[in-house]
Structure formats: C-alpha cells, structure tokens
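Working notes, beginning with the structure itself.
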Amino acid sequence: MNRDLTADEIERYADDEVDPAEAGEMEQHLLQCSRCASAVLRIVQMKRAVRDAMSEEGAPAALRGRVRRQIGPSKAPSAWWLLAAAVVVAVVAAMIVPPPRPSPALPELVDMHTTLLASANPVDVVSTDRHTVKPWFEGKLPFTVPVPDLSPTPFRLIGGRVVYWRGNPGAYLLIGKGAHRLSLFIFRDDMAPRDLAGGPLPMTTNVWRSRGLTFIAVAQVPPEDVRQLRAALESSR
Amino acid sequence: MSEPRVGTTFEELAMPLFDALYRYARCLADNRAEAEDLVQETYLKALRGFVSFTPGTNFRAWMFRILRNTFLTSRSGLRAVPPVPLDEAVPAQVDNATPETEFVQRANRESLRRAIEGLPLAFREVLVLSDVENMSYREIAETLSIPIGTVTSRLIRARQRLRVAVGNVIMREGS
C-alpha cells in the first residue's frame, strides 16, 4: 500500500473491523508510516479512555431484584400457596439434605475479565516479552506459569498479574489481538474453580486442562478466535 | 456462546445482559430513575415478545434494540432525537494530530464522562456500544437499524466531536 490510510480504514483498523487480507496490507503500511500509526494509536487510546470513563457503573442490586421477580417463573404467589410450599420444603428438607451446589464460576470469571479490562491498570507486569512475564510470577504462585511464545501468531502478550479465586492464587495473562483483549486465567487443577459448566454468557469462554493446570480464556471475540488462542498456547509448549 | 441454545429460558439469556443494558440506559436517559424505569420496561417488553425472537439470531442486539425503541418513544427520547438528519459524510483524511487529541489523553475520567454525556445521542450511543460494550459494527448496525457504513462514519464523527468536547470541558474547568 503506497498511500496513507483513509479515515475510514484507520477507524476500522483500530476497531478490529478489517478482514485478514486487508489487515496485512494495512500493517505493512503502518510499520513504515508513523503518521498513520499514531492516528491508529490515538483511537485505540481513546477507546480505552471511553471504556474506563463509562463502564464503572453497575446496575443497582434493588433494580436487578425487582426485574428478576417480574420476569421469574413464579409471579405474585398467594399467601396460601407460600404456606403450602413452605410445608413441602420443610418436609422434603427433613428427608434429604442435598450438598450445597457451588455457584457457577464462569459468569464470575467473565465479570472479573470485564472489571480488569475496565481498570486503569489491568496488569501488574506490563511486557510483551514472555521472558519478562514468566519470571515475574516466580515466588508468587505455587506453580510455574506457562507463558507462551505468541510471536508466530496473530496474538500478542500484553502482561500479567496474580488473581485470586476463593482465596487460591492463579495467574492472569492479558493477550491482545487487533484492538481486542483476551483474558487467560490459569490455576493449578486442585485450586481451580469447580463449576466451569458452560451456559449462556455475554462473552466467549473456553476451558481446558493440561499438565495439572486449568486454563480459562474469556473474551468478547468470536469463538474461533478463542479456539485459535488455545491452539497457539498448546503448540507453543 | 452468544447463540441461544434450544430450550434456554428468557431469564437465563436476559439476566447476564443486565449491567450492559443498564449502562446503555444510563447513556440514553437523563437520570438514574429514568434509566431504571427504562431497564424494567425493556425486560417486561422483551419477556412478552420472547416468543417472536428467532433462535440463532443475535439476542444481545435484540434486547438493546428493545431498550432503545422504548427510550425513543418516551418523552425524553422524543426530545433527544435531532430535528435534522445527522450529516453522515466523512472526509477522506482526518487529521488526528490536532491539539484536541491531546486533551483526551489528559482528561480525567470525570471530564471525559461529562464530555461524552454532552454529545448528541447518536454519537454518544455509538461510542458506548463500540467501546464499552465491545459490539462489532454488524451488531451495532443491527441494534440501531442502520447500515454498517453508517456505523463507521458515525463513529468517526463521534470521536472527532468527543476530542473537541473534551477540550471544551477541560478549558471550562481550567478557567
């Protein structure tokens, strides 16, 4: 490409809305043209600033409860019905006490991903170099973190931090692809979240186990991208 | 994961979107109380209309569209719609290296938030859907019922306007 990118191209590149062939050509140009590269960078920074400024506010719990009651299966049960239900529950509970079921972990990890991305400092060690990130975890975690070599892939390492799940430490790697950010949580199997069953979530997730570790990838990208990341991680080890 | 499974209940699909819908409502509505009413009404309407939702299509865009339509027919929604169509044309080259660009980097969260809230609705919402909710252009187009090309040009304009608006907020606060 022997010309500057158009405003439309710069915008679409920063928003990760270009097809791979187009992206390749644009990247070639961006490597040589500081003007276009800084235009893309400014939009990426602006996107991050907008997200930081607008995403901190969660919905009020009272509103959530109100809506849940409105749309839930049982609407306005009568007092008699409630009384009858209470009796049935008490009788059944006296006969069998089922073990408490752990709450599903994936929605919480998705929330953790969103919270970290919305934070001004999502990672504590900022480096694209696995030889910087991997030693940083040493002494902080009871296992060696397999920080992958992503250089031959479309992904890039952004950094990492230590996260906790129910008091157990794990590694968090932030990985970029275009303008998208992917979170990778890594826990030792015996310390990993228990209930990792899938379900309808607002994001793409992928869970796998390898060599005594549990990997959980979370991102707002198509499932193919997350699968591609998993393949890249597995092949780099 | 975004495609609903057969047999999934409305609650299972809709509740994970709660925070995102509330944020969008806050972006559209004038105040918290109005945003809360908007979210509540959206869930009721969506529950009633769930039978008409086509499985396999984008549920998130469907919910956001219901919220938006609910807002647009409300009193403050009718006020927020511009009387003349927005100019969607975009210059071929944009000079991003203006002094306003620097303001965005310098602005604190609060100034930036105020600047975004001061933008016309069409610009404000496209920024929030793209940058906060991470929607693709296709999903934004579906939510706003506009062509994808319009999403791109509106985002370019929104970011240009935001640069200027942040500069104004900073200068007002600094003076």
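Residue Ile71(A) holds its CD1 atom at 8.5 Å from CG of Leu44(B), rounded to the nearest 0.5 Å. Taking CZ of Arg64(A) as the start and CD of Glu36(B) as the end, the distance is 12.0 Å to the nearest 0.5 Å.
Interface residue Leu155(B): backbone and side-chain heavy atoms are both found under 4.5 Å from chain A. Using a 4.5 Å cut-off between heavy atoms, Arg23(B) contacts chain A through its side chain alone, with no backbone atom that close. Only the side chain of Phe10(B) comes within contact range of chain A, with at least one heavy atom under 4.5 Å from a heavy atom of that chain. Using a 4.5 Å cut-off between heavy atoms, Ala62(A) makes no contact with chain B at all. Only the backbone of Glu133(B) comes within contact range of chain A, judged by heavy atoms closer than 4.5 Å.
Nearest heavy atom pair, residue Leu112(B) against residue Val50(A), reads CD2-N, 3.9 Å. Between Tyr22(B) and Ala59(A), the shortest heavy-atom distance links the atoms CD2-CA, 3.5 Å.
The candidate from Arg51(A), Met54(A), His180(A) with the greatest count of non-hydrogen atom pairs under 4.5 Å with chain B is Met54(A). Put simply, of Val128(B), Leu17(B), Asp19(B), the one with the most heavy-atom pairs under 4.5 Å next to chain A is Asp19(B).
One finds no salt bridge joining Arg138(B) and Glu17(A) here, because no Lys/Arg side-chain nitrogen approaches an Asp/Glu carboxylate oxygen to under 4.0 Å. Taking 4.0 Å as the cut-off between side-chain N and carboxylate O, Arg113(B) and Asp52(A) do not count as a salt-bridged pair. Between Arg48(A) and Asp131(B), none of the side-chain N atoms (NZ, or NE/NH1/NH2) sits under 4.0 Å from a carboxylate O, so this pair counts as no salt bridge.
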(request) Just do the side-chain contact (heavy atoms from CB on, under 4.5 Å) check on Met46(A) and Arg163(B) with the steps written out, would you? (result) CA-CA 9 Å; Met46(A) 186 185 222; Arg163(B) 284 186 195 106; 3.6 Å; yes

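Side-chain contact between Ser130(B) and Asp15(A) is present, with heavy atoms from C-beta onward closer than 4.5 Å. Put simply, the side chain of Val67(A) does not reach to within 4.5 Å of the side chain of Thr42(B), judged on heavy atoms. Between Arg159(B) and Arg42(A) there is no side-chain heavy-atom pair separated by less than 4.5 Å. Residues Arg12(A) and Tyr137(B) have side chains in contact (heavy-atom distance under 4.5 Å, counting atoms from C-beta outward).
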